[in-house]
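Computed from heavy atoms alone, side chains included, the values below leave out hydrogens, waters and symmetry copies. Just so you know, these numbers come straight off a predicted model, no measurement behind them.
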Amino acid sequence: MDAKNELGQFIPLHYHHNMLLDAARMGGFKAAIGQVVQPDAAVAELGGGTGVLSFFAAQQARKVYYVEYNPELVSEARRILAANPNGERVELIHGDARGFVPPEPIDIVICEMLHVGLLREKQMQVIDAFKRNYINKYGEPLPIFIPFAAIQAVQPVYHPFEFHGYRAAVPMFNDPYAENPDLTALGDPVVYHQVLYAQPFDFCIEWNGTLPVTVDGTVNALRFITKNLLAVEPETQAITDWYNNYLVHPLETPIEVNAGDALEVRISYETGAPLSALQPIVKKR
């Protein structure tokens with residue numbers, strides 16, 4: 001797959017339809033967009049998918065520029081938006097979001113190319129390109145970004161990798177809003193990376209740190225947590241957030257631990273890379 005077609009991974013249409021069923025995602029973004037987008041605002045959505053986030057923005061904004069590279073999604077969004085209130089406020093643009101420059105200064109940028117660990121999807125690359133293009137044409141200040149930040153953490157855990165008698169130690173995803181009785185946390189999450197999208201950032205994530213162990217057991221995986229900060233409520237300063245699915249990444253060699261032990265962890269990968277790029281090095285201190 002060439003670099004151009006890699007953008008957004010051309011996630012299948014049915015997957016985008018399934019995202020409409022994600023109550024946490026939908027509710028979080030609807031609330032955040034409602035807090036930030038004011039009447040008469042101009043909005044751009046980078047990687048618009050089915051158009052639902054552009055629809056949320058269009059309920060208050062004067063104009064929304066939806067940008068999407070996948071032609072199947074552009075066609076689907078055009079069909080759906082036409083059947084929804086204020087869909088005519090959304091201008092659909094088929095193109096690479098990394099090259100998009102809005103025809104006017106805008107107030108809000110929505111970009112939900114998000115995956116746990118900021119892997120797979122090109123969230124940071126797209127926002128970085130947009131910022132450079134926007135400043136070259138309009139100068140500063142930049143628009144407000146939704147989400148405006150991300151916090152990433154990692155945690156030592158035990159997770160069984162047995163499936164009807166078949167052992168397969170493979171990366172697993174957990175719903176962050178549901179109980180997972182199979183997983184045992186052996187320590188608290190530790191933050192390994194933070195990004196504010198309006199500020200300069202590096203695509204390469206490098207972290208050498210320590211994970212304290214608080215429970216006796218066997219660490220056979222690390223759980224990766226990505227918390228997306230969507231918006232700040234102006235009056236209360238309360239933050240609307242949304243978590244990607246947790247990623248449980250198996251260790252090549254399980255480690256027996258006791259409460260009070262610590263694990264030394266090295267994490268090094270580039271955002272937007274495949275899940276296989278995540279190869280943490282873990283050893284008992």
Just by modelled atom types, is the [Y] backbone N or O under 3.5 Å from a matching donor or acceptor in the [X] side chain?
| X | Y | answer |
| --- | --- | --- |
| Q60 | V36 | no |
| N174 | P176 | no |
| E233 | T236 | yes |
| D22 | N18 | no |
| D261 | V257 | no |

Grab the two heavy atoms, one from [X] and one from [Y], that are nearest each other, plus how far apart they are.
| X | Y | result |
| --- | --- | --- |
| A42 | P105 | CB-O, 4.0 Å |
| W242 | L230 | CB-CD1, 3.9 Å |
| K284 | L263 | CA-CD2, 3.9 Å |
| V190 | T210 | CG2-O, 4.0 Å |
| Y197 | A150 | OH-CB, 3.7 Å |
| A57 | V64 | CB-CG2, 4.0 Å |

Quick one: does [X]'s side chain get under 4.5 Å of [Y]'s, heavy atoms only?
| X | Y | value |
| --- | --- | --- |
| Q194 | K227 | no |
| F55 | P85 | yes |
| L251 | V219 | yes |
| V154 | W207 | yes |
| I281 | V265 | no |

Is there a path of hydrophobic side-chain contacts, each under 4.5 Å between heavy atoms of I/L/V/M/F/W/Y residues, joining [Y] to [X]?
| X | Y | result |
| --- | --- | --- |
| V195 | L229 | no |
| M26 | L114 | yes |
| V213 | I255 | yes |
| I127 | I33 | yes |
| F100 | L142 | yes |

* Asked: Are V43 and I106 close enough, and set up right, to give a side-chain contact (heavy atoms from CB on, under 4.5 Å), and what steps lead you there?
  -> CA-CA 6 Å; V43 178; I106 61 172; over 6 Å; no
Inter-residue atom distance [X].[atom1] - [Y].[atom2], 0.5 Å rounding:
| X | Y | atom1 | atom2 | answer |
| --- | --- | --- | --- | --- |
| I110 | Y65 | CD1 | OH | 14.0 Å |
| I151 | Y243 | CD1 | OH | 8.0 Å |
| L278 | L222 | CG | CG | 8.5 Å |
| C111 | M124 | SG | CE | 11.5 Å |
| N245 | F224 | CG | CZ | 15.0 Å |
| M19 | H17 | CE | NE2 | 9.5 Å |

* Would you mind listing every side chain to side chain donor-acceptor pair (under 3.5 Å) that reaches into residues 154-163, with sequence neighbours excluded? => Q155-R223
* To do: Sorted by first residue and then second, give each side chain to side chain donor-acceptor pair (under 3.5 Å) pair with at least one member in residues 23-35; sequence neighbours left out.
  => R25-E112, Q35-T240
* Asked: Side chains of N244 and N228: do they bring a donor and an acceptor to under 3.5 Å?
  -> yes
* Polar side chain donor-acceptor pair, Q279 to H249, under 3.5 angstrom ->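 Judged by distance alone, the side chains do not pair up.
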* To do: Show your working on side chain to side chain donor-acceptor pair (under 3.5 Å) between T218 and E256 and close with a plain yes or no.
  => CA-CA 4 Å; T218 302; E256 299 296 324; 2.7 Å; yes
Qualifying residues under salt bridge (charged side-chain N to carboxylate O under 4.0 Å, His left out), relative to [X], sequence neighbours excluded:
| X | answer |
| --- | --- |
| E72 | none |
| K131 | none |
| R285 | none |

* Which hydrophobic side chains are connected to M172, either touching it within the sub-4.5 Å cutoff or through other members that do? ->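 For the cluster that includes M172, the remaining residues are V157, F161, F163, V170, L183, V248.
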* Structure fact -> Members sharing L21's hydrophobic cluster, built from side-chain contacts under 4.5 Å between Ile, Leu, Val, Met, Phe, Trp and Tyr, are none
Anything under 3.5 Å between a donor and an acceptor, one on a side chain of residues 45-52, the other on a protein residue two or more places apart or in another chain? List them.
residue : atom : partner : partner atom : Å
E45     : OE1  : S54     : N            : 3.1
E45     : OE1  : S54     : OG           : 2.5

* Please lay out, stage by stage, how L275 and L247 fare under the test side-chain contact (heavy atoms from CB on, under 4.5 Å). => CA-CA 10 Å; L275 286 180; L247 170 63; 4.1 Å; yes
* Evaluation steps, side-chain contact (heavy atoms from CB on, under 4.5 Å), between E91 and Y66 -> CA-CA 6 Å; E91 180 177 335; Y66 158 113; over 6 Å; no
* Asked: Does a salt bridge link K137 with E104, judged by any charged N lying under 4.0 Å from a carboxylate O?
  ->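 Result for this pair is no, no salt bridge flagged.
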* Asked: Does atom CD of E88 have more than 12 heavy-atom neighbours, drawn from other residues, nucleotides or ligands, at distances under 6.0 Å?
  ->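 Yes, CD of E88 has more than 12 neighbouring heavy atoms, counting only those of other groups under 6.0 Å.
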* To do: Determine, step by step, whether F145 and I108 satisfy the side-chain contact (heavy atoms from CB on, under 4.5 Å) criterion, reporting the C-alpha distance in whole Å, the side-chain angles of both residues, the deciding distance to 0.1 Å, and the verdict.
  => CA-CA 6 Å; F145 289 91; I108 312 293; over 6 Å; no
* **Residue pairs involving residues 204-220 (criterion salt bridge (charged side-chain N to carboxylate O under 4.0 Å, His left out); sequence neighbours excluded)** => E206-R266
* **Contacts of type side-chain contact (heavy atoms from CB on, under 4.5 Å), residue V215, not counting sequence neighbours** => L186
* Asked: So among I225, V191, L118, which one has a side chain to side chain contact (heavy atoms under 4.5 Å, CB included) with Q152?
  ->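 Answer to the side chain to side chain contact (heavy atoms under 4.5 Å, CB included) test with Q152 among I225, V191, L118: L118.
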* Asked: Restricting to pairs with a member in residues 114-133, which pass ring-ring contact (aromatic ring centres under 6.0 Å, His included), not counting sequence neighbours?
  ->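 Checked against ring-ring contact (aromatic ring centres under 6.0 Å, His included) - neighbours excluded - the pairs reaching residues 114-133 are H115-F173, F130-Y134.
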* Keeping to residues at least two apart or across chains, list the ring-ring contact (aromatic ring centres under 6.0 Å, His included) pairs with something in residues 253-285. => none
